[in-house]
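Here the structure comes first, spelled out in structure tokens, and everything after it is commentary.
Letters A, B, ... are given to chains in the order of the sequence lines, protein chains preceding strands, and every chain is numbered from 1. What you see is a predicted model; the values in this text were computed from it and never measured.
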Amino acid sequence: MTATEHRLDVDRLLVFFGDHGRDLPWRRPEAGPWGVMVSEFMLQQTPVVRVLPVFEAWMRRWPRPADLAADSSGDAVRAWGRLGYPRRALRLHAAATAITNDHDGAVPSDIPELLSLPGVGEYTARAIAAFAFGARTPVVDTNVRRVLSRVVRGVDSVREPATPADRRELESLLPTESVRAARFSAAVMELGALICSAGDPDCDRCPLSGRCAWRAAGYPPTPARRAVQAFAGTDRQVRGKIMALLRAAHGPVAGSVIDTAWPDPIQRDRCVASLITDGLAVTDRDGGLSLPG
DNA sequence: GACCCGTGGAG
DNA sequence: TCTCCAAGGGT
């Protein structure tokens, strides 16, 4: 089967991407590898619309990895704002530091080297290699995974991390030429984000509807997914409230103020301790809590 | 492999 | 109000 014959029709997808792909700042040439990398960190589990303003401000302030590395991890966490999962900001700062120290300040293009950076896993490494450097490598996120499952295999997927099997499957469908392959991955991802969404796929606008195995099979039901993690009352919520206090302040926050974040002192103290362990907060000699300096 | 880690908009 | 979720990674 050639690249233009399989269900993920390359030409149709590239036309779709050209016509309907979003003009996102990290897709512009001026974003460069660093811009791609920053965007991939921010987009982990976070919607595009919320990333956009933070990304723009971030790139203005820290246009190169060395610029970020020169400032404190606390500055990165504060600039991260309310994107969520602030450990990503910590890891991005650590990755920028590693790039500055070990890679002459340039984002590496080699996948094993990318994987060695903090916060860069199987998805992010390949996304950077493909989108920033035009590498021919399978980029499989939850969107691509869903499209692969539906269009090619005819069954819906549960929302779980991509597997090596997913990557092998997409790789077998990649166009031969590397830049075209990278654009193909971006197009499949965009299709999953805009058309073949998890909730209500818009098959009427889908360029692949004529050859979609899932549609042809009459949309067999989505398998039950594992229960989503609860949030209300968990440490994640409490940590978030404490971090919001630290971001709002520009100096140490007194314990009496931290106490207002959550009523249960046991859980509150546990969360403060875990934030310190994670490197998201530090205590000063007076017992105040602040972002790392 | 199971579990942990934030956030705010949509239905 | 409440559930579900949105370009994962680390342990």
When you check the phosphate oxygens OP1 and OP2 of B/dT7, does a side-chain N or O of A/Arg87 lie under 4.0 Å from one of them?
no
* **A/Leu117 and A/Pro108, any side-chain heavy atoms less than 4.5 Å apart** => yes
* Asked: Checking all strands, does A/Val49 fall into the base, sugar-phosphate, or nothing category for heavy-atom contacts under 4.0 angstrom?
  -> nothing
In whole angstroms, the gap separating P of C/dG9 from CG of A/Leu90 amounts to 17 Å
Atom P, compared across C/dG9 and B/dG8: separation rounded to whole Å: 23 Å
Check your understanding: How would you label the contact of A/Gly121 with the nucleic acid (heavy atoms, under 4.0 Å): base, sugar-phosphate, or nothing?
Key -> sugar-phosphate
> Checking all strands, does A/Glu122 fall into the base, sugar-phosphate, or nothing category for heavy-atom contacts under 4.0 angstrom?
Replying inline: sugar-phosphate
query = Under 4.0 Å between a side-chain N or O of A/Gln44 and OP1 or OP2 of C/dA7?
reply = no
To the nearest angstrom, the CZ-C1' distance between A/Arg270 and B/dC4 comes to 12 Å
May I ask you to evaluate whether A/Arg239 reaches the phosphate of B/dG6, defined as a side-chain N or O under 4.0 Å from OP1 or OP2?
yes
A/Asp141 atom CG is separated from C/dC5 atom P, nearest whole Å, by 16 Å
Sorted by position of nearest nucleotide on DNA chain C, 5' first, the leading residue of A/Leu115 and A/Glu190 is A/Glu190
With a 4.0 Å cut-off on heavy atoms, is A/Phe231 in touch with a base, just the backbone sugar-phosphate, or nothing at all? base
query: NA contact type, A/Arg27, heavy-atom cut-off 4.0 Å: base, sugar-phosphate, or nothing?
result: base
Assign A/Arg50 to base, sugar-phosphate, or nothing according to its heavy-atom contacts below 4.0 angstrom with the strands shown. base
5'-most contact on DNA chain C (nearest-nucleotide basis), A/Asn143 vs A/Arg91, goes to A/Asn143
Whole-Å distance, A/Tyr85 OH to B/dC4 P, equals 11 Å
Check this for me: does any side-chain nitrogen of one of A/Asp264 and A/Arg270 sit under 4.0 Å from a carboxylate oxygen of the other?
no
Distance check: side-chain N/O of A/Thr46 vs OP1/OP2 of B/dG6, anything under 4.0 Å? no
Q.
Taking any heavy-atom pair under 4.0 Å as a contact, classify A/Asp278: base, sugar-phosphate, or nothing.
A. nothing
Exercise. What is the nucleic acid contact for A/Leu24, judged by heavy atoms within less than 4.0 Å: base, sugar-phosphate only, or nothing?
Worked result: base
Of the candidates B/dT7, C/dA6, B/dC5, the side chain of A/Ala198 sits closest to C/dA6
query = Would you call A/Arg153 and A/Glu169 a salt bridge, using N to O less than 4.0 angstrom?
reply = yes
Of the listed B/dT7, B/dG6, C/dA7, the closest approach to the A/Ala193 side chain comes from C/dA7
Separation of B/dT7 atom P from A/Arg88 atom CZ, nearest Å, is 10 Å
So CG of A/Leu68 and CG of A/Asp75: to nearest 0.5 Å the spacing works out to 9.0 Å
note: A/Leu194, atom CG; C/dA6, atom P; distance rounded to Å ~ 13 Å
- request: Answer with base, sugar-phosphate or nothing: what part of the nucleic acid does A/Arg82 contact at a heavy-atom distance below 4.0 Å?
  value: sugar-phosphate
_Does this structure show an ion pair linking A/Glu122 with A/Arg126, if we count only N-O contacts that are shorter than 4.0 Å?_
yes
Rounded to whole Å, the CG-P distance (A/Leu275 to B/dC4) equals 16 Å
Sidechain N-carboxylate O distance under 4.0 Å for A/Arg61, A/Glu56: no
Next on the checklist: At 4.0 Å (heavy atoms only), tell me whether A/Trp80 reaches a base, stays on the sugar-phosphate, or touches nothing.
Outcome noted: nothing
**Prompt:** Would you say the ring centroid of A/Trp80 lies under 6.0 angstrom from that of A/Trp58?
**Reply:** yes
* How far, in whole Å, is B/dC4 from C/dA7 if one measures between their P atoms? -> 23 Å
note: A/Tyr123, atom OH; C/dA6, atom P; distance rounded to Å ~ 15 Å
The nucleotide from C/dA7, B/dG6, C/dG8 with an atom nearest the side chain of A/Thr124 is C/dG8
What is the nucleic acid contact for A/Arg145, judged by heavy atoms within less than 4.0 Å: base, sugar-phosphate only, or nothing? nothing
